[in-house]
Amino acid sequence: MTRLELYRLKTMWGNYSFDFACSMARGRSGGLITMWDTSLFIKSNLWCDDNFIVVQGKWTHLDDTFFMVNVYGPQDSTAKSLLWQRLHNFMSNNHGRYLICGDFNEVRTESERCGSIFSHSDAQAFNSFIDRSGLSEIPMGGRLYTWMNKAGSKLSKLDRFLLSEDIITACPDLKATVLDRLWSDHNPILLHVDKTDFGPIPFKLYNSWMQREGFNTMIKTTNEEYFNQNLGLQSSLKQKLKFFKSKIKGWHHESRLMDTSRMQVIQNSLNVLERKIDSSTATDEERHCRIQLMKEREDLDRFLSMDIAQKAKVHWDVEGDENSKFFHGILNYKRRQKSVQGILVDGEWISNPQ
């Protein structure tokens with residue numbers, strides 16, 4: 001895993017207080033990754049397969065052994081049957097409490113598919129695996145389906161949580177909620193997890209700003225304003241850059257508010273349209289509108305992705321310089337505050353790397 005990829009994990013988690021395991025991408029699969037808070041869950045063993053990751057360990061407040069299993073089911077029917085058998089064999093040979101979740105790429109009943117072909121034999125094999133393994137599915141609220149194609153013509157419930165009976169008995173109030181879809185074609189599912197606040201973002205000049213509409217005009221207007229205010233006066237480059245910095249910060253603040261507001265409007269509109277599609281009441285015009293909104297959201301997200309990539313490069317590649325109070329002061333503070341707790345070297349996690 002590269003430094004940039006590790007930094008992106010940090011941006012998702014909010015800090016470096018986590019450990020992780022990954023199964024790299026193979027074929028059309030984008031790979032798997034499992035992350036956990038090291039102050040709450042203590043890992044004791046790990047297994048990685050092409051289609052699943054198993055993390056064995058204990059929660060700090062419990063004595064029981066848990067197996068957290070992250071699954072990505074293949075498309076092929078034979079490959080799926082083999083996957084169910086591998087998981088069942090693993091559970092038979094390793095006793096403990098199991099929490100299995102992920103994209104199983106399979107449904108249990110015909111009602112969990114809409115607009116695509118339902119396979120009775122594939123569903124029967126999946127249900128048989130669940131029954132033989134002593135698992136129970138957590139009922140999910142929020143949505144009927146967890147996956148939708150771009151056109152909104154095909155919907156399926158492919159993602160779910162499967163838990164051991166003893167976990168259900170110990171935690172009868174455990175529930176899963178399907179959240180609103182963001183950038184993926186799958187909905188995220190929440191199982192008693194708190195949201196993470198990533199905190200304020202320090203000021204820097206990002207390359208994406210130069211591609212935004214209105215940035216060049218703002219720079220030209222600022223230059224003219226500075227020239228008119230200092231006509232006939234002597235001014236230093238430092239004063240001019242300070243003036244520009246103030247104007248750019250104001251422009252960036254307004255742009256971010258506009259982007260946030262627009263993203264919220266887009267997401268709310270998509271939620272309404274997808275509920276109509278989910279209930280088979282959407283018109284062709286509404287389906288087309290959904291595609292246009294998704295395109296606009298992708299454009300806004302592209303700028304955010306550029307900022308994340310540039311921020312990662314700065315965080316890892318630039319050496320600190322104590323003489324620069326503005327730039328390197330922030331960098332050194334962030335390094336001390338959010339230092340890397342470990343790195344993955346040849347498949348082995350090394351804590352406190354030197």
Side-chain angles (χ1 to χ4, degrees), residues 1-15 20 22 25 28-33 35 72 103 142-143 145-155 158-159 178-190 193 195-216 218 248-249 251-278 286-316:
M1 180 167 289
T2 66
R3 290 176 172 180
L4 175 57
E5 289 169 334
L6 182 59
Y7 181 83
R8 284 175 173 170
L9 294 185
K10 192 275 287 187
T11 62
M12 290 189 292
W13 193 261
N15 53 53
F20 70 94
C22 61
R28 297 180 64 183
S29 170
L32 285 167
I33 186 160
M35 303 170 64
Y72 178 78
D103 175 11
R143 297 289 183 90
Y145 307 102
T146 64
W147 172 85
M148 180 187 300
N149 70 346
K150 189 172 184 178
S153 58
K154 297 180 180 180
L155 303 92
L158 303 179
D159 311 81
V178 181
L179 304 179
D180 292 330
R181 184 181 293 106
L182 295 176
W183 298 275
S184 172
D185 53 358
H186 290 257
N187 290 79
I189 305 175
L190 181 67
V193 177
K195 294 182 179 179
T196 301
D197 180 9
F198 297 108
I201 300 174
F203 171 81
K204 293 184 180 74
L205 181 63
Y206 291 101
N207 296 332
S208 66
W209 297 357
M210 302 177 191
Q211 299 183 19
R212 287 180 177 269
E213 184 177 354
F215 181 82
N216 290 339
M218 180 272 298
I248 292 174
K249 286 185 67 174
W251 171 86
H252 174 245
H253 179 71
E254 293 180 3
S255 297
R256 190 170 59 179
L257 290 178
M258 291 175 60
D259 287 350
T260 302
S261 176
R262 182 55 186 163
M263 285 290 282
Q264 186 63 48
V265 171
I266 292 173
Q267 189 60 50
N268 291 338
S269 300
L270 287 173
N271 292 340
V272 172
L273 292 173
E274 289 179 359
R275 288 190 179 94
K276 287 187 176 181
I277 295 174
D278 195 65
E286 287 173 326
R287 293 175 187 270
H288 178 72
C289 179
R290 174 176 173 270
I291 294 176
Q292 296 300 114
L293 288 172
M294 291 173 65
K295 174 64 169 59
E296 183 178 353
R297 185 178 63 182
E298 289 172 0
D299 290 339
L300 290 174
D301 184 54
R302 180 171 59 86
F303 292 123
L304 177 60
S305 298
M306 291 177 62
D307 292 349
I308 291 175
Q310 183 175 346
K311 187 185 298 184
K313 181 179 180 181
V314 168
H315 185 86
W316 288 103

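Because the structure is a prediction, the values reported are computed rather than measured.
- The structure places CG of D159 at 14.5 Å from OH of Y145, a figure rounded to the nearest 0.5 Å.
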- [ ] Apply side chain to side chain contact (heavy atoms under 4.5 Å, CB included) to N271 and R143, showing your working.
- [x] CA-CA 11 Å; N271 292 340; R143 297 289 183 90; 3.7 Å; yes
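- Of the inter-residue distances, the one linking D103 atom CG with H186 atom NE2 reads 4.0 Å to the nearest 0.5 angstrom.
- Here the closest heavy-atom approach between residue R275 and residue D180 is recorded as NH2-OD1, 4.0 Å.
- The side-chain heavy atoms of C289 and L273, taken from C-beta on, include a pair separated by under 4.5 Å.
- Between W251 and W209, the closest side-chain pair of non-hydrogen atoms falls below 4.5 Å.
- If you take CG on L155 and CD on E274, they are separated by 8.5 Å, rounding to the nearest 0.5 Å.
- A donor and an acceptor atom, one from each side chain of N207 and Q211, are nowhere located under 3.5 Å apart.
- Within the 3.5 Å criterion, the main-chain N or O of R181 finds a donor-acceptor partner in the side chain of Q267.
- The minimum heavy-atom distance between L293 and S269, with the atom names listed, is CD1-CB, 3.6 Å.
- A distance of 9.5 Å separates CE of M263 from CG of L270, quoted to the nearest 0.5 Å.
- Residues K295 and D299 are in side-chain contact: their nearest non-hydrogen atoms beyond the backbone lie under 4.5 Å apart.
- The shortest distance between side-chain heavy atoms of I189 and T146 falls below 4.5 Å.
- I266 has its side chain within reach of L300: a pair of non-hydrogen atoms, C-beta onward, lies under 4.5 Å apart.
- A salt bridge is defined here as a Lys NZ or Arg NE, NH1 or NH2 lying under 4.0 Å from an Asp or Glu carboxylate O, and D301 with R297 fails to meet this definition.
- A donor-acceptor pair under 3.5 Å links the side-chain atoms of R290 to the main chain of K150, judged by distance alone.
- Using a 4.5 Å cut-off on side-chain heavy atoms (C-beta onward), K154 and M148 make no contact.
- Of the charged side-chain nitrogens involved, at least one lies within less than 4.0 Å of a carboxylate oxygen, so that R212 and D259 count as a salt-bridged pair.
- Residues D185 and W147 bring a donor and an acceptor atom of their side chains to less than 3.5 Å of each other.
- Annotation for M258: atom CE does not count as buried by contact number, only 12 or fewer foreign heavy atoms lying within 6.0 Å.
- Under the 3.5 Å distance criterion, the side-chain polar atoms of S261 are left unmatched by any main-chain donor or acceptor of L257.
- Shown here for V178 and N187, the closest heavy-atom pair between the two residues is CG1-CB, 3.4 Å.
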